[in-house]
Undergrad: 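Here it is, the structure in full.
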Amino acid sequence: MTKVSKTLIFTAAFAVIATSAFSEAAWDMKAGMAYVYGGPGKMSAMAMAPAEKNHEAMMKNAKKVPENTVFFMDNGTLYSTSGRLDPTGNFYVN
């Protein structure tokens, strides 16, 4: 394989990885929706019932997620930590 071919293959592979990372970076969370983590590979979203009683029940034990909270998976378990990720995916503690 020539150097040009290897360079083109590497560039294409990097573009695919970078594109998928950016497409998964933003969450479009909306008011009135609930997002549920049900275990490895099990995420769901559903509209919440609009009743005030339902809202009060959810808020009873709710905790505000602090800014710069990073969620990630490790061995099928969801974790969170405080910090930041730069555009390349490197983690920094605040």
Side-chain angles (χ1 to χ4, degrees):
M1 216 183 253
T2 67
K3 284 186 180 182
V4 174
S5 296
K6 288 180 183 178
T7 302
L8 288 173
I9 291 171
F10 174 78
T11 303
F14 180 76
V16 168
I17 292 168
T19 302
S20 66
F22 283 117
S23 68
E24 295 175 11
W27 291 353
D28 187 19
M29 302 189 100
K30 298 178 181 172
M33 294 293 294
Y35 303 88
V36 181
Y37 170 71
K42 296 177 184 173
M43 292 289 296
S44 62
M46 62 178 17
M48 294 186 296
E52 184 66 27
K53 188 174 181 179
N54 183 57
H55 178 65
E56 289 173 4
M58 288 183 70
M59 291 302 293
K60 185 176 180 181
N61 294 309
K63 296 179 180 126
K64 183 178 176 183
V65 176
E67 292 182 12
N68 295 318
T69 299
V70 178
F71 297 93
F72 62 97
M73 296 290 293
D74 184 50
N75 292 325
T77 302
L78 181 65
Y79 291 91
S80 69
T81 189
S82 179
R84 296 180 294 116
L85 292 174
D86 69 15
T88 63
N90 290 305
F91 176 74
Y92 298 94
V93 176
N94 293 345

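Everything quoted here is computed from the prediction, not taken from an experiment. These numbers come from the heavy atoms of this one structure, side chains and all, not from hydrogens, waters or symmetry mates.
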Undergrad: Please evaluate residues Thr69 and Thr81 with respect to the criterion side-chain contact (heavy atoms from CB on, under 4.5 Å), reporting the C-alpha separation (whole Å), side-chain torsions for both, the decisive distance (0.1 Å), and the verdict.
TA: CA-CA 6 Å; Thr69 299; Thr81 189; over 6 Å; no

Undergrad: Hey, can you pull the donor-acceptor pairs under 3.5 Å for the side chains in residues 40-66, sequence neighbours left out?
TA:
residue: Asn54; atom: ND2; partner: Ala49; partner atom: O; Å: 3.0

Undergrad: Kindly write out the residues that satisfy side-chain contact (heavy atoms from CB on, under 4.5 Å) with Asn90, not counting sequence neighbours, or none if the list is empty.
TA: Asp86, Thr88, Tyr92

Undergrad: Could you work out, with ring-ring contact (aromatic ring centres under 6.0 Å, His included) as the rule, every residue matching Tyr79, not counting sequence neighbours?
TA: Phe72

Undergrad: Would Phe91 end up clustered with Phe71 when hydrophobic side chains under 4.5 Å apart are linked, directly or stepwise?
TA: no

Undergrad: Check step by step if side-chain contact (heavy atoms from CB on, under 4.5 Å) holds for Tyr35 and Met29.
TA: CA-CA 8 Å; Tyr35 303 88; Met29 302 189 100; 3.4 Å; yes

